[in-house]
Amino acid sequence: MTTMTEASVREFKMPDVGEGLTEAEILKWYVQPGDTVTDGQVVCEVETAKAAVELPIPYDGVVRELHFPEGTTVDVGTAIIAVDLGGGAAPAAEAPDRAEAPAETAPEEAEPQGRQPVLVGYGVAASSTKRRPRKGADVPRQEPAAQALQSELNGHGPVAAVTPPRPLAKPPVRKLAKDLGVDLAAVTPTGPDGIITREDVHAAAAPQAPAAEPVPQVTPAGPVTAPAAAPAPVLAYDTARETRIPVKGVRKATAAAMVGSAFTAPHVTEFVTVDVTRTMKLVEELKQDKEFAGLRVNPLLLISKALLVAIKRHPDVNASWDEANQEIVRKHYVNLGIAAATPRGLIVPNIKDAHAKTLPQLAEALGELVSTARDGKTTPAAMQGGTVTITNVGVFGVDTGTPILNPGESAILAVGAIKLQPWVHKGKVKPRQVTTLALSFDHRLVDGELGSKVLADVAAILEQPKRLITWA
């Protein structure tokens with residue numbers, strides 16, 4: 001019986017998913033210990049803060065161990081599955097974890113070119129670091145402190161000061177510490193592996209109770225029994241009346257984005273009620289047009305096109321605020337975001353370069369966006385780089401709302417329910433199809449005049465759809 005050496009086992013780590021994401025939840029394992037896997041085979045489905053994606057493995061072998069069960073949130077860079085390569089050579093996409101042999105017997109492998117497939121929709125950029133060829137046998141690497149001590153023992157001077165390690169904390173925790181004026185180096189970590197948590201930062205920021213003045217010690221005449229310490233209160237809730245759901249995944253990302261947007265960008269919302277009867281008639285006509293055969297044609301299509309035309313007429317509304325450089329970045333393209341409610345929460349994928357698409361092309365892109373979101377296959381890349389967004393709250397039967405901006409965007413248009421209402425048309429009260437539009441915008445970027453003109457143009461186009469031709 002041949003015993004497989006540990007050198008043949010490869011630990012596959014949670015990949016660097018990019019887009020600022022640092023962790024992912026394992027939703028489902030598609031393999032179990034003992035299963036055979038091949039290069040590129042999907043082994044699990046993970047949910048990042050933005051979407052659920054499938055994760056392929058980059059080599060062949062037999063699954064030895066799954067390090068985490070389903071439902072576990074794992075940090076990027078943590079090993080999640082062990083695969084036995086059966087003594088075969090490691091693939092070029094992953095460098096061996098074991099110690100390297102001397103240069104004479106183990107020539108350095110070629111670096112992989114381009115981006116390697118990791119998650120659906122994107123990959124990890126190849127490292128730009130170039131290794132210098134080694135000369136002679138390997139020399140054991142010494143830690144900075146050991147090097148400094150050896151230097152003193154060899155008579156080369158005093159021990160050099162060693163730079164303390166950087167405190168371990170995730171970006172949101174670092175931002176919280178910065179906002180509260182807390183030095184992370186002075187915080188005592190309580191998280192796993194010495195990671196500083198939000199609770200640690202809040203504890204460090206809390207004002208310390210003043211030290212009590214010393215009280216003269218009095219020796220009692222007889223033995224005194226110390227009172228028993230009061231038991232710590234136990235926080236509990238009625239499980240029959242309440243349900244507690246962990247905040248994670250898309251919900252966690254949405255909450256952070258909305259709080260950040262609401263308390264960063266000064267929001268202004270304007271409203272207009274408009275007669276869209278002619279737009280609804282045009283929708284029905286387009287459904288019969290052979291150019292739209294097999295495509296989804298609905299009011300959202302014409303509302304999207306109306307907003308794109310309004311942006312073309314008022315391009316200054318399509319911008320973002322660069323706080324770091326104190327600059328306004330005007331975009332010469334429109335990545336049109338469409339807010340979509342999914343079982344996992346709210347996501348906002350966007351149509352890239354929507355401004356350059358014809359009406360049939362826009363209809364096709366909208367159809368693909370909606371179906372992909374419904375199937376839970378929207379990639380993180382599809383939700384990056386949006387410039388303006390449309391949220392159709394009318395599908396829920398409400399008149400309108402005051403939408404919060406998607407972070408990094410300048411405006412968001414909310415569309416209310418289209419209802420048959422009495423309306424003055426050509427001097428007479430008639431039943432007409434009416435809706436209410438609401439435009440929220442970042443007042444740092446968009447003045448009231450500009451925001452009003454954009455909203456008025458969208459309303460004018462929906463009232464008279466022929467303006468799609470005359471204004472475009």
Side-chain angles (χ1 to χ4, degrees), residues 1-19 21-101 105-127 131 192-193 248-250 343-344 372 375-382:
M1 175 176 172
T2 303
T3 302
M4 305 305 298
T5 62
E6 291 300 323
S8 68
V9 177
R10 292 291 175 269
E11 298 284 356
F12 181 59
K13 300 177 180 179
M14 182 69 72
D16 178 2
V17 297
E19 309 296 352
L21 306 178
T22 60
E23 61 185 16
E25 179 188 354
I26 299 174
L27 293 180
K28 184 177 182 180
W29 282 109
Y30 295 124
V31 296
Q32 296 296 326
D35 291 351
T36 300
V37 294
T38 58
D39 186 357
Q41 177 180 340
V42 174
V43 294
C44 66
E45 182 182 20
V46 301
E47 183 182 43
T48 68
K50 297 182 181 297
V53 291
E54 293 178 333
L55 189 62
I57 200 159
Y59 35 68
D60 304 334
V62 177
V63 177
R64 170 173 287 195
E65 183 182 0
L66 306 180
H67 295 314
F68 297 96
E70 295 176 355
T72 305
T73 299
V74 182
D75 289 337
V76 168
T78 303
I80 59 174
I81 181 174
V83 176
D84 194 332
L85 303 184
E94 184 182 29
D97 293 335
R98 61 184 183 274
E100 297 177 346
T105 59
E108 190 171 312
E109 295 182 1
E111 294 284 342
Q113 300 297 323
R115 297 172 69 88
Q116 302 301 314
V118 179
L119 294 182
V120 177
Y122 50 85
V124 176
S127 172
R131 296 181 179 176
D193 300 323
K248 56 185 178 180
V250 175
R344 291 191 175 94
T372 302
D375 295 338
K377 300 298 182 182
T378 304
T379 64

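Since this is a predicted model, take the numbers as computed values, not measurements.
- Residues A82 and V9 approach most closely at CB-CG1, 4.0 Å, considering heavy atoms.
- Not one N or O on the side chain of D39 forms a donor-acceptor pair closer than 3.5 Å with the backbone of D60.
- Closest approach of E11 to A79, counting heavy atoms only: OE1-CB, 3.7 Å.
- Taking CE from M14 and CD from E25, the interatomic distance works out to 9.5 Å, rounded to the nearest 0.5 Å.
- Across P15 and V76, no two heavy atoms sit closer than the pair O-CG1, 3.4 Å.
- Of the inter-residue distances, the one linking L66 atom CG with C44 atom SG reads 9.0 Å to the nearest 0.5 angstrom.
- T36 is linked by a side chain to side chain contact (heavy atoms under 4.5 Å, CB included) to V62, counting only residues two or more places apart in sequence or in another chain.
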Could you pull out every donor-acceptor pair under 3.5 Å between side chains of residues 26-33 and any protein atom, sequence neighbours left out?
| residue | atom | partner | partner atom | Å |
| --- | --- | --- | --- | --- |
| W29 | NE1 | F68 | O | 2.8 |

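- The CZ atom of R64 sits 10.0 Å away from atom CG of L85, with the distance rounded to the nearest 0.5 Å.
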- Show the numbers, then the answer: is there a side chain to side chain contact (heavy atoms under 4.5 Å, CB included) between V46 and V74? CA-CA 10 Å; V46 301; V74 182; over 6 Å; no
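- Contact between P56 and G40 at its shortest, heavy atoms only, is CB-O, 3.6 Å.
- Here the CZ atom belonging to R10 is positioned 9.5 Å from the CG atom belonging to D84, to the nearest 0.5 angstrom.
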